[in-house]
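Shown next, in structure tokens, is the structure this report addresses.
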Amino acid sequence: MLATIGVGSVDELFEQIPAPLRLGRPLELPEGMSEAEVFERLAALAARNADAEEQVCFVGAGMYDHYVPAIVDAITQRSEFLTPYTPYQPEISQGGLQVMFEFQTAMSELTGLPVSNAGLYEGPSSVASAGYLAMAATKRRRFVVSRGLHPHSRETLKTYAVGYGAEVVEVGLRDGETDAEALAAAVDGETAAVFLQNPNFLGAVERVEALGSAAKQHGALLVVAADPMTLGILKPPGECGADIALGEGQPLGNRLDFGGPSFGFFCATEEQIRRMPGRIAGETDDVDGRRGFVLALQTREQHIRREKATHNICTAQALNALAGMVHLAWLGREGFRELGELLVQRTAYARERLAAVEGVELLHEAPVVREFALRLEAPVDRVLERCAARGIAAGYPLGRDYPEHEDGLLVAITERRTKAQIDELAEALGSAIQAERGALVANSATNAPAEQGAG
Amino acid sequence: MLATIGVGSVDELFEQIPAPLRLGRPLELPEGMSEAEVFERLAALAARNADAEEQVCFVGAGMYDHYVPAIVDAITQRSEFLTPYTPYQPEISQGGLQVMFEFQTAMSELTGLPVSNAGLYEGPSSVASAGYLAMAATKRRRFVVSRGLHPHSRETLKTYAVGYGAEVVEVGLRDGETDAEALAAAVDGETAAVFLQNPNFLGAVERVEALGSAAKQHGALLVVAADPMTLGILKPPGECGADIALGEGQPLGNRLDFGGPSFGFFCATEEQIRRMPGRIAGETDDVDGRRGFVLALQTREQHIRREKATHNICTAQALNALAGMVHLAWLGREGFRELGELLVQRTAYARERLAAVEGVELLHEAPVVREFALRLEAPVDRVLERCAARGIAAGYPLGRDYPEHEDGLLVAITERRTKAQIDELAEALGSAIQAERGALVANSATNAPAEQGAG
Amino acid sequence: MAAVETPMQRERTRTIYEKSKPGRRAAVLPDAEAPARPLEELIPADLLRAEPPRLPEVAEPEIVRHYNKLSRRNFDLDSGFYPLGSCTMKHNPRLNERVAALPGHARLHPAQDPKRAQGALELMWLLQESLGEICGLPHVSLQPSAGSHGELAGLLLTRAFHADRGEERSKVLAPDTSHGTNPASVTMAGYEVVKVATNVRGGVEMDDLRAKIDEDPDQVACLMLTNPNTLGLFDENIAEIAALIHAAGGTLYYDGANLNAVMGHSRPGDMGFDIVHLNLHKSFSQPHGGGGPGAGPIAVSERIEPFLPRPQVVRREGDNGDGPSFDLDLDRPKSIGRLRGFQGNFGVFVRSYAYILSLGADGLAEASETAVLNANYLKARLAEGRAADRLPIAFDRHCMHEFVLSGRPMKKELGLATLDLAKRLLDFGFHPPTVYFPLLVEEALMVEPTETETKESLDAFADAVEAILVEAEEDPEVAKQAPYSTPVRRLDEVKATRRPVVRQALAH
Amino acid sequence: MAAVETPMQRERTRTIYEKSKPGRRAAVLPDAEAPARPLEELIPADLLRAEPPRLPEVAEPEIVRHYNKLSRRNFDLDSGFYPLGSCTMKHNPRLNERVAALPGHARLHPAQDPKRAQGALELMWLLQESLGEICGLPHVSLQPSAGSHGELAGLLLTRAFHADRGEERSKVLAPDTSHGTNPASVTMAGYEVVKVATNVRGGVEMDDLRAKIDEDPDQVACLMLTNPNTLGLFDENIAEIAALIHAAGGTLYYDGANLNAVMGHSRPGDMGFDIVHLNLHKSFSQPHGGGGPGAGPIAVSERIEPFLPRPQVVRREGDNGDGPSFDLDLDRPKSIGRLRGFQGNFGVFVRSYAYILSLGADGLAEASETAVLNANYLKARLAEGRAADRLPIAFDRHCMHEFVLSGRPMKKELGLATLDLAKRLLDFGFHPPTVYFPLLVEEALMVEPTETETKESLDAFADAVEAILVEAEEDPEVAKQAPYSTPVRRLDEVKATRRPVVRQALAH
Ligand SMILES: Cc1ncc(COP(=O)(O)O)c(C=O)c1O
Ligand SMILES: Cc1ncc(COP(=O)(O)O)c(C=O)c1O
């Protein structure tokens, strides 16, 4: 090969790099390893994580321990889906393009909005993208955001806003729900968009339609972040006046993966179609009249419009969106609704069961679907330690993000959490709280088992 | 659909079953379960097995804890290989048929024999099939079998022999190797075949050529059972005068699976080609002259010849043979030899290291490749208990099959067994033996940890 | 027809050996971590191999491409309708692959101390219990590796059973409709096959059966039967048949390949059978893998139990309060012994047990109902069209899970052999039915849709058959030259057997 | 050409919704195990959905068939050569999929207490360290989800960096060869793009750069560069460029999409860059998944570190003798904040770390060597044939890992546009190179073979290009109408944008 090129060595080819910029030493990294050794090494690291097999997982906060059906892996692991690039050559990418089209259809159905893209990175950055769209659509630079919106979404929106230059105003919660009056007061003629989440971060089902009216009045867009698993039973954002509905797609066919990769979904009204971020597949036909699919509306995109693009996204999360689509097809129309109902019923049981525990009370009484907030009469972190030692991840400590709820615990339910496990959680919470109250005794007891939990 | 059939109900269709023979009650089985529940149920059962991840595995005895490269799963799990039936329609089965052809080529290479089939059930039943072939080929009904042949193979051969009416004579071992004189004495003009295993069950590399001469003299077939992983370095059976070379294929690309499914390989001389058991793929071409593959020599098979077939096999283990082929391709010519050498080097280290342990001595001094036999100066089962409690499956207790070796332990090495693990085994064996000798103290100590091991 | 080659036809296939280049490889191995001594020091030189075997030398990317490409040259159950009679090509749930791959199953050594394989042994025991209940027979051995292995086991059990009573019998009766493995197994087990005729209803011809028995009752070792039989028909005389065989002192063997028709509806044990084999790769959803793996467990009656293969999985009640435990019982003096190594195809047991758990009692019964419904619907749909005359049903009654057509008129009237129809079906994207079996039906076409097919696939198949018959009325040559769209077209099978090329010639 | 349709073309595609039948389903769900109360009791009726969403109603076998069938309508990296410039379509080791799927990774909740996610945090820390060493920059954040996300992060870091010194700058310089995401990110970050020209050697035109800086040095926030750039050429003036930008007070941003050319050979940090993004889905073997997922970690210099996104994975030395521990550091007052939820695309980190462990220091350097060798070899092979005149190399020097050809002569002389060549390549079984990028090269064709391709595939590709040029000399129409053998032929993209149909119309 060197002869064909006309050089004596590969080094010659690297001579275009100025000598002082050549590293001239090996990287300070370990030597290469055999496949078996790499496997053992990573298995050893994985063994030091307390995953949902090792600890019964009642943690949610945006990502949930749902059961991912086996066909999702079987299909997403096929080379033909796993290894191609973004479908720039539609003639040889019909599989991926049709999946996008089917996915867009499903997300439009779920959200009740006519336009969906093929997916974005994940939830919070999708919220920030909605802000960018709203600015372009309204030529305004002010966002009014409910504190019921996921803390990560709020922070990400702020990070982006610093860049594209917008102001973010937060509106608090009352009894678990977004404070309607405060919201109405905050929205004005300069407001580009109002951001809500439903169910909100505390699990409460919001009165989206009512809350949204403030946005409508002032010509601001209504952006609703939704948990897709609740859209089988909750009124779709599109029917509540949302201009944009988006969210974290993980509950649909994606594993927890310590937070990613998953996907974000993003749906909007027809008016916004040419301002949408991300890839969009469209139906068309070929020269012989055969039905086919292509990337539509590419005139929005960076590879065509460069600095004038409506967004900078290129590589997104296509494979994760496929997983979501397969999961939805597996559940099917009836199954999807049933799963929603199952979550409501089990969660209602869990909420009552836990509220009845001594030292535990509800943080709010608002209706919920699959997650709810409690108030504990003992330090939350200590209680979590004790539960962890018993092999239970009891929930998400609200103090992490809500100073006003230092005593708050957010508990999530999936179809994997059995009644028996819920009862066990109640038992564990109860005794942990008792122990914590009973001072001294506690201290000695905790640490030891706590370590164990870490293994 | 019922209307088209012209019945009022499905029950009508079952009326052809005489009423008294209809069950008329539900089966006494649990109700159906959701996928998530079935998964949890089976995961709970699996958790009660001490697999090679939970216990460092030095057990061999025919099946070995090799590392199966990830591409083996990726390829064997493709629907196109996983779900079709035996390739009766060659035009739409070229993938599977070509794999068989490639597999046959590889096994011929390994064994040094020109004809290979596409695989049989597994090792021991392949031995029994060789007996059936030998009877047909020699019109004789007497088998001379080395006790170095896997105990399961010997027993399976006897089971089959009762059926097709043959006598099985065993020849003992001396210093770990087949007793050459006893073998020579046992073979006569009525002998259909002589059965050897190389390396034999005690791990010893046999002098196959020398031992086989007895068979040649009397016109008996020489059948050699081989561990395929040793054929990168050991002289192939075909070059040692074997008429048939066969064995357990598990070490090639197949997981342990508590004993199956794996595959058996079966190679022979040209003379035997029309007496071979199992499927054989052959190269040919289609009507346009395109190269293709078909099931060849079907005139041997049950679906054509029925009672005159050379064997009764129909469904075999095609997918497992594919796994074997992919593993061999992954190793490649050099890698396969290197792996053999690696096994020899590590095993030599382990053998010396363990023989140096107080209370341990070599059961035989014969050359070995990847497995060797020890003699322990303490009850083997008790010693194994203690090692198990430390998370080590120390080996296979020879007493199970060789009353003459009640104190024998068979230790196997794979590329997954590191030097560190071998040293740990030495340490564990040593202290276990000391403890067992030190009477009393021992008894109390064992049981508790033993339970743990079972978890 | 298609003068132009399809893309797949155009690319001539090459083997992995033909893609090999010296020095290439995929594997990286750990180093020995031990003093590297010359091999000859450890193993006598004359026992060593001179040259490494000429395995392919290919890097990982090309290996993956090669086998992925080959996979696309296969038609599979997940590609379309696969009505291969007698093979029960039903959907293979992916859940089963997932649970089989759990390390607790996949990396469990078969020689592990039973104390530390309690989960695996309990699973096997639970599967034994389930299969016993499904068959209506109390004792089960999971050991046989496939159906034909189960048949051999059954015949060896029969021999042991008779030997135990001091008898030796030489004949095994089997209907002329029986599957090829039955007579082949009979021969392997050292018996002689006696064919029994089939009556006009497609069942056993009773007079012939009596005659064959009466010839020499003491020599009748066994009758092997499939019920429903390979015509897809349930033999109504089964009770009487059982009585006759038992009166003669023989055993009654049930070839369970067709169990998919009667799960939860009728049980071989209740029909009077002594020994049953099941094909877990048929009725219990183990993927066929292009020719295995499978498993052929056997269920037997009390009188056969003592002879079951060794080892047997047993449940032991826990003493002093602790729960039951499971073990491998090797101490079985009357056992016929082992049929293979270790405990059987455990990975298959995991899949089939997961399948049984998933469906449950009702699900299994419903599966058989749908299988029978689908078969009868497709049979009726075909009878609505040209198939009625060209491809008449061999025995015109309701069928169970499959049915057999005869291509005789089609051949006579259109010059189209069953084989031609089968090959033409390939162009329509279907796997053809089983052809030329059972033997007693001329130009036989054996159709088994299974319960996991939709009405749409059944209709599409019926339409395709109709279309082919119409086409043939105009020009039979089209089908006779078929297929056209497959990766390769009709292959020369005679050549492959006359001058067999069974391996690649490799350069040194 | 091909009048007859290929089998795949013949079967018109249907969506999963068109295969839906009311009442069908795959899922069986556990029962609620709780008193079933009417929903309205728990959630106000006016907040409930009237009708369940019209998701497809299909049973599992048909779902598997549907998506398997769709998969076969994709060309993928495991099907053949995929020289898509700038995308680094290198082999994706399956080991990485296996380790990413371990329950300890796959089922780890992102909000798990760091104390109980030590393995995951250590893996992230180790990956940060490795990437830092590869980039020659001390600090790494893994948070960005892809390259463009990393670019945005880098620009926000630049803004924060300047703000921290009380500056506000408005301009970001970028060469006209830059990738589309660069200018798009600049706009999103609230900056204005200033284009810098390219010189005759394919590098930055220094005079133009100076001019653009001098216009208003205080407004120069950043220069975004790819090196080697999108022409596959290493900019020899990089040191001077860095000096100029730094002198003006701007930051230097490295678009790491082309890192595959220089791993272990040259480091952005040593070139003077302040901020680098890497595409783990390019240089570090994360499969592209048909458009993601990927990850775009950023490596930065000391002066940028304080502004890195939150949270940051940190290593804490263990006190009193116990080993180090790992944690998520949220207390970063100067941080630009979060760019997304939780910790980033962890599953991608696992794959890329496994890749780095597999190759090691030498392996990575060798990978880049082979990538550069392959590119130069293919470039030379093409130059031996008609491509020399019809498809001349845009800048005739040794390239790094990729090179750009211009189809201008081909278009003028044969009337064949680069697009036609690309489409015709599909019939030859190749994925075409990137076309019409970079913009400054007319009829551009951007070829990146990567290190995991064999000489045979490179030769086959060169031969195909030659064959197409020969064919075009006889009859350019053949290529202009291409492709012929793909599942569909050229599609009407204009229609899809003019009258977009972006979802299935569903019946009620
Ligand atoms: C009726 C019948 N009996 C026996 C067998 C043999 O079963 P196996 O292929 O598992 O050996 C089959 C399957 O081919 C069959 O259809
Ligand atoms: C040169 C260059 N820069 C940036 C990007 C954007 O990376 P990503 O697709 O990960 O956002 C790409 C990939 O498309 C690229 O080729």
Side-chain angles (χ1 to χ4, degrees), chain A residues 1 4-5 16 26-27 29 31-32 42 45-46 48-52 75 78-80 83-84 86 91-92 94-96 105 109 121 124-125 152 155 159 163 255 257-261 282-284 286 292 296 302-303 306-307 309 312 315-319 330 332-333 335 337 345 349 367 419, chain D residues 25-27 32-34 43 52-53 55 67 70-71 73-78 99 102 104 106-108 110 116 119 145-146 148 180 183-185 187 189 193 234 287-294 337-338 340-342 345-347 360-361 363 376-377 380 486 488-489 491-492 496 501 503-504:
Chain A
M1 291 171 83
T4 311
I5 301 170
Q16 60 187 294
L27 289 166
L29 295 174
E31 272 187 20
L42 281 142
L45 283 169
R48 292 176 46 223
N49 302 320
D51 61 74
I75 290 166
R78 283 181 65 83
S79 291
E80 295 88 340
T83 70
T86 300
E91 299 86 350
I92 53 168
Q94 285 300 295
T105 304
E109 269 302 298
Y121 299 138
S125 56
H152 294 173
E155 185 173 351
T159 305
R255 38 198 211 199
D257 276 338
F258 200 47
E283 183 173 346
T284 184
D286 78 357
Q302 47 77 24
H303 62 284
R306 302 181 63 84
E307 60 269 26
N312 69 336
T315 294
Q317 314 266 141
L319 194 69
W330 182 80
R333 186 179 196 180
R337 193 211 185 82
Q345 305 290 3
Y349 172 80
K419 180 171 178 303
Chain D
R25 60 189 290 173
E33 298 186 292
I43 300 170
L55 293 170
Y67 289 105
L70 285 189
S71 76
R73 294 166 70 85
N74 271 357
F75 180 92
D76 71 300
L77 183 52
D78 290 344
V99 290
L102 290 167
R107 285 192 67 193
L108 180 60
R116 300 191 174 76
S145 310
S148 63
S185 300
T187 309
V193 183
F234 194 95
H288 280 89
R338 289 189 162 276
R340 54 162 292 157
F342 298 111
N345 283 343
F346 178 76
N376 281 281
Y377 174 76
T486 46
V488 295
R489 299 185 54 215
L491 292 148
D492 186 344
V501 179
R503 70 171 201 286
Q504 173 110 48

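Below, all heavy atoms of this structure are taken into account, side chains as well, without hydrogens, waters or symmetry copies. Letters A, B, ... are given to chains in the order of the sequence lines, protein chains preceding strands, and every chain is numbered from 1. Not measured: the values here are computed from a predicted model.
Both the backbone and the side chain of Ala316(A) have a heavy atom closer than 4.5 Å to some heavy atom of chain D. Looking at Ile75(A), the atoms closer than 4.5 Å to chain D (heavy atoms on both sides) all sit in the side chain, from C-beta outward. For Val488(D), the parts lying near chain A are the backbone and the side chain together; criterion is any non-hydrogen pair under 4.5 Å. For Leu102(D), the part sitting under 4.5 Å from any heavy atom of chain A is the side chain, from C-beta outward, and nothing else.
Put simply, of Gly292(A), Gly96(A), Ala52(A), Ala309(A), the one with the most heavy-atom pairs under 4.5 Å next to chain D is Ala52(A). Between chain A and the residues Ala26(D), Ala34(D), Ala496(D), Ser71(D), the most heavy-atom pairs under 4.5 angstrom are made by Ser71(D). Considering only heavy-atom pairs separated by less than 4.5 Å from chain A, the leading option among Val501(D), Leu77(D), Asn74(D), Ile43(D) is Asn74(D). Looking only at heavy-atom pairs under 4.5 Å with chain A, the residue among Ser145(D), Gly289(D), Ala361(D), Ala380(D) that has the most is Gly289(D). Looking only at heavy-atom pairs under 4.5 Å with chain D, the residue among Ala46(A), Pro26(A), Pro84(A), Ala296(A) that has the most is Pro84(A). Ranking Leu42(A), Ile92(A), Thr4(A), Leu319(A) against chain D, the residue ahead of the rest is Ile92(A), based on heavy-atom pairs under 4.5 Å. Each of Gly360(D), Gly294(D), Gly180(D) has some count of heavy-atom pairs under 4.5 Å with chain A, and the biggest count is that of Gly180(D). The candidate from Thr284(A), Asp257(A), Leu29(A) with the greatest count of non-hydrogen atom pairs under 4.5 Å with chain D is Asp257(A). The choice from Gly259(A), Pro367(A), Gly282(A) that makes the most heavy-atom pairs within less than 4.5 Å of chain D is Gly259(A). Annotation: maximal heavy-atom pairing with chain D below 4.5 Å, among His303(A), Glu31(A), Arg337(A), occurs at Arg337(A). Contact count versus chain A (heavy atoms, under 4.5 Å) is highest, among Val193(D), Asn376(D), Thr486(D), Val99(D), for Asn376(D). Your options are Pro52(D), Gly337(D), Gly363(D), and the one with the most heavy-atom pairs under 4.5 Å with chain A is Pro52(D).
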>> Please determine whether side-chain hydrogen bond (donor to acceptor under 3.5 Å, both in side chains) holds for the pair Asp76(D) and Thr83(A), giving the CA-CA distance in whole Å, both sets of side-chain angles, and the decisive distance to 0.1 Å.
In response: CA-CA 6 Å; Asp76(D) 71 300; Thr83(A) 70; 3.0 Å; yes
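Two residues are said to be in side-chain contact when any heavy atoms from C-beta on lie closer than 4.5 Å; Gln94(A) and Leu491(D) meet this criterion. The side-chain heavy atoms of Asn345(D) and Gln317(A), taken from C-beta on, include a pair separated by under 4.5 Å.
For the atom pair Arg333(A) CZ and Glu109(A) CD, the distance stands at 7.5 Å (nearest 0.5 Å). In this structure, the separation between CG on Asp78(D) and CD on Glu80(A) is 8.0 Å, given to the nearest 0.5 Å. Here the straight-line distance linking atom CG of Leu55(D) with atom CH2 of Trp330(A) works out to 13.5 Å at 0.5 Å rounding. Interatomic distance, CZ of Arg255(A) versus CZ of Arg107(D), reported as 11.5 Å (0.5 Å rounding). How far CD of Glu307(A) is from OG of Ser185(D): 11.5 Å, rounded to the nearest 0.5 Å.
Using a 4.0 Å cut-off between charged nitrogen and carboxylate oxygen, Glu33(D) and Lys419(A) do not count as a salt-bridge pair.
Listed for the His152(A) side chain is a donor-acceptor partner under 3.5 Å among the backbone atoms of Phe342(D).
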